[in-house]
Amino acid sequence: MTQTAPPPVQQPVAALAGRPADAPAERSVRTIVSPLALAGRRGKVTYWSVFALVVVLFAFAFLFPVYWMVTGAMKPPEEVVRTPPTLVPEQWQVTGYTDAWDLMRLPTHLWNTVVQATGAWVLQIVFCTAAAYALSKLKPAFGKVILGGILATLMVPVQALVVPKYLTIADMPLIHVNLLNAPLAIWLPAVANAFNLYLLKRFFDQIPRDVLEAAEIDGAGKLRTLWSIVLPLSRPVLGVVSIFALVAVWQDFLWPLMVFSDTEKQPISVALVQLSQNVPLTVLIGAMVIASIPMVLMFLVFQRHIIAGISAGSTKG
């Protein structure tokens, strides 16, 4: 009886190529300039020259407007409107800043803005965080319906809500209290921020359930879990929400103009427009520079916390 020889075993292509069969196949990466060309001396010089040129151009595009505004307040009024303009002031002077500080009463208006922005930020962090935690982790009844109603408010134009908000602030329902010329007129509308609430909820949804269950096994309640577990892990998104909340109040103009008829209680955004009619241009520029300093410092501070929170708030699986 004739026996047929078994067919030869076919070797995988990976084995014939000299690597294990289960090893991932190498992918060819195509670039504009080949790595071989960049490895040479000429390629390195060209690469770093182009890189330095791009960095210088971007730095110039971002920093030149800042330089132009800062130096504009240090020029005499006639030099500011001169054509062609001068890049460097011919006569350096700081009277633009000192006059802006005194004539436009910047300390009063800056303090009003700080009070309004800080109160809106604190209330927004407290209530939006609590609402996002409840919708994300506590799973209340009709939670999806409530979230859908909150997100539906994002489709309503802001201009359409100005009149209803003003009527509500002028005569609060049930208690019939007039909140005009009071910081609560800024704080209460700022709390209802659907975008920041949704941003917090989406971040809370990514927190592993095992972490919260471990806290429950240790005896932590819902509030203790939020304070000791969820909030420390949420420092990156809290920093982003803080920037959005503070910048929104700091740069808002229409709503403070409507609710603050008393000039002594107006924020800096409204005061710059109201008091700019009777001051020189250099004084107005100096006031704008001073008004922008707190926002720049705030962004730098929160940027540091965001970067630190990315590593501190991460969880290892």
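This structure is a prediction, so every number in the text was calculated from the model and none was measured. Only heavy atoms go into these numbers, but all of them, side chains included; no hydrogens, no water, no symmetry mates. Throughout, residue positions are numbered sequentially from 1 according to the sequence presented.
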Parallel, tilted or perpendicular, as decided by the 30° and 60° cut-offs, for the rings of Phe195 and Phe244: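 Because their plane-to-plane angle lies in the 30° to 60° range, the rings of Phe244 and Phe195 count as tilted.
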Quick one: sort the Phe51 and Trp48 rings into parallel, tilted or perpendicular, breaks at 30° and 60°.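 Geometry flag for Trp48 against Phe51: perpendicular rings.
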Any donor-acceptor N/O pair, [X] side chain to [Y] backbone, under 3.5 Å:
X	Y	result
Trp255	Ala185	yes
Asn181	Asp262	yes
Gln124	Ala190	yes
Gln93	Lys75	yes
Tyr67	Leu87	yes
Lys137	Val230	no
Ser136	Tyr133	no

[X] atom [atom1], neighbour heavy-atom count above 12 within 6.0 Å:
X	atom1	value
Phe127	CZ	no
Trp121	CH2	no
Trp68	CH2	yes
Glu78	CD	yes
Arg202	CZ	no
Leu174	CG	no

For a 4.5 angstrom cut-off between non-hydrogen side-chain atoms, does Thr95 reach Thr98?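 They are in side-chain contact.
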Just so I know, are the side chains of Thr108 and Glu264 near enough to count as touching, which here means a heavy-atom distance under 4.5 Å?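 Counting from C-beta outward, Thr108 and Glu264 do come under 4.5 Å.
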By the definition side-chain contact (heavy atoms from CB on, under 4.5 Å), identify the one residue from Asn193, Thr129, Val240 that meets it with Leu200. Thr129
Over all heavy atoms of both residues, which pair between Phe253 and Val270 is shortest? Give the atoms and the distance, please. O-CG2, 3.8 Å
Tell me yes or no: between the side chains of Asp252 and Ser269, is some donor less than 3.5 Å from an acceptor?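 Distance-only check fails for Asp252 and Ser269.
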Report the residues that fulfil salt bridge (charged side-chain N to carboxylate O under 4.0 Å, His left out) with Lys201, sequence neighbours left out, ordered by chain and then residue number. Asp205
N/O donor to acceptor pairs below 3.5 angstrom from side-chain atoms of residues 209-219, sequence neighbours left out:
unit_1	atom_1	unit_2	atom_2	d
Glu216	OE2	Lys222	NZ	3.2

